[in-house]
Number of protein chains: 2
Amino acid sequence: MTSETTPALAEDTALVGFQEHDHENCVDSALAIAESRCKDEGLRLTPVRRKVLEMLLQEHRALGAYAILDRLREAGFGSQPPVAYRALDFLVDNGFVHKIERLNAFVACAHPGATHSPAFMICRKCDAVAEAHSAPAKGALGAAARAVGFEIERTVVEAEGVCPDCTEKA
Amino acid sequence: MTSETTPALAEDTALVGFQEHDHENCVDSALAIAESRCKDEGLRLTPVRRKVLEMLLQEHRALGAYAILDRLREAGFGSQPPVAYRALDFLVDNGFVHKIERLNAFVACAHPGATHSPAFMICRKCDAVAEAHSAPAKGALGAAARAVGFEIERTVVEAEGVCPDCTEKA
DNA sequence: GGCATACATGATATGGAATAACATGACAAG
DNA sequence: CTTGTCATGTTATTCCATATCATGTATGCC
């Protein structure tokens, strides 16, 4: 589901996911950014954590916790659920990885470094996931929240539909 | 996960959204609306389905599938997972119930009758859930989708935070 | 009525997601 | 060296979800 058609579109903003890109480079640079950010902020990007991030970057799609666990086992790490969940917790808490609630699965963040409130487009045919930015608290939801006195701390925004590749094939 | 600490519903009022209301009446009228809509559209609101809807309306908060299953068992229905999931599928497909992805749980729709794309406010302290309307496809996400050719069919919008009651208590 | 069909339910079994609880190891600070 | 903290590992369990097959029930058609 990665690489294939799709012309280059305004690259540097919002979208990564349904477009071609230099994959090798994107994995390496994302890992480098993660390492540097961890160093700066005193976070420990340990081997398990790094491995999980690396494989999510490599796959470039959402992986379930048990798929991650399988790969950890193959790589010689612990293979019980908490091993994966703890690494994922760390990565999610620090913004390196996002959880896709709709799929109960995880993807590497496409915009590392930036603090953001992500939105996702999920293809129901091929499970490809693209990350965009959202500002849900500024629209109708934000108004509703203010009206009743609800304090928004975090938002989940996920659009389900069909990606350009799958539309084309059909 | 959804805590089972409901004090008996002796009162006629409970929290919808985060506001008081005439609970008895709201359950009855919602059931009536559902029945009438099913009749109109040739849908079969069978006993299991009706029971599930009724108990979600009664509880007025998100219930997990197995909590629902427990109640079905008590009411003399089948007690295996598919029984609950099939009823829930029917109710969700027809807009009587929404699934809260963040909680892997289900709530009765607060705006029956209207076709809508709901948004939710979920209190992380007490798990209360309020429903609002959203139009995510009209904002930044919609623009991003159009830009890459992603066809949005459905959206999940869930805000996590603290409800007015819990804010007050703190 | 008898029959075919579609749909609803029931029961079994299994797979995947997530966490509780407890033990060990590595390491830095005092 | 001891203590505290954080990361990892392991066991066990609970909850969420679906595939599969069998049975029942309403409906419409001949």
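Residue numbers start from 1 in every chain, and the chains themselves are labelled A, B, ... in the order their sequence lines are given, proteins ahead of strands.
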Measure from [atom1] on [X] to [atom2] on [N] and round the result to the nearest Å.
X	N	atom1	atom2	answer
B:Ile100	D:dC16	CD1	P	14 Å
B:Lys51	C:dT9	NZ	P	15 Å
A:Arg44	D:dT8	CZ	P	8 Å
B:Phe106	D:dC15	CZ	P	15 Å
B:Leu103	C:dA17	CG	P	18 Å
B:Asp70	D:dC16	CG	C1'	13 Å
A:Ile68	C:dA17	CD1	P	9 Å
B:Phe77	D:dT23	CZ	P	22 Å

Please tell me which of the listed nucleotides, [options], lies nearest to the side chain of [X]?
X	options	result
B:Val48	C:dT9, D:dA17, C:dA18	C:dT9
B:Tyr66	D:dA17, C:dA18, C:dA8	D:dA17
A:Gln80	D:dA7, C:dT12, D:dT10	D:dT10
A:Pro81	D:dT18, C:dT19, D:dA7	C:dT19

What does A:Arg86 touch in the nucleic acid at a heavy-atom separation under 4.0 angstrom: a base, only the sugar-phosphate, or nothing?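 It contacts base atoms.
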Quiz question: by atom type and distance under 3.5 Å, do the side chains of B:His98 and B:His116 form a donor-acceptor pair?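 The criterion, which ignores hydrogens and geometry beyond distance, is satisfied for B:His116 and B:His98.
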Step by step, work out the side chain to side chain contact (heavy atoms under 4.5 Å, CB included) result for A:Arg86 and A:Arg49. CA-CA 9 Å; A:Arg86 283 192 286 236; A:Arg49 292 168 178 177; over 6 Å; no
5' priority, DNA chain D, between B:Asn104 and A:Gly76 [closest heavy atom]: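 Looking at DNA chain D, the more 5' nearest nucleotide goes with A:Gly76.
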Using only modelled atom types and a 3.5 angstrom limit, is any donor from either the side chain of B:Tyr85 or the base of D:dA19 paired with an acceptor on the other? no
C:dA11 phosphate, OP1 or OP2: any side-chain N/O from B:Ser79 under 4.0 angstrom?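 No, because none of the side-chain N or O atoms of B:Ser79 sits under 4.0 Å from OP1 or OP2 of C:dA11.
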Mind checking the CD-CG spacing from B:Gln58 to B:Leu53? Nearest 0.5 Å is all I need. 11.0 Å
Within a reach of under 6.0 Å around CD of B:Glu168, are more than 12 heavy atoms found that belong to other residues, nucleotides or ligands?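 Result for CD/B:Glu168: open.
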So, do A:Leu88 and A:Leu56 sit near enough that their side-chain heavy atoms are less than 4.5 Å apart? yes
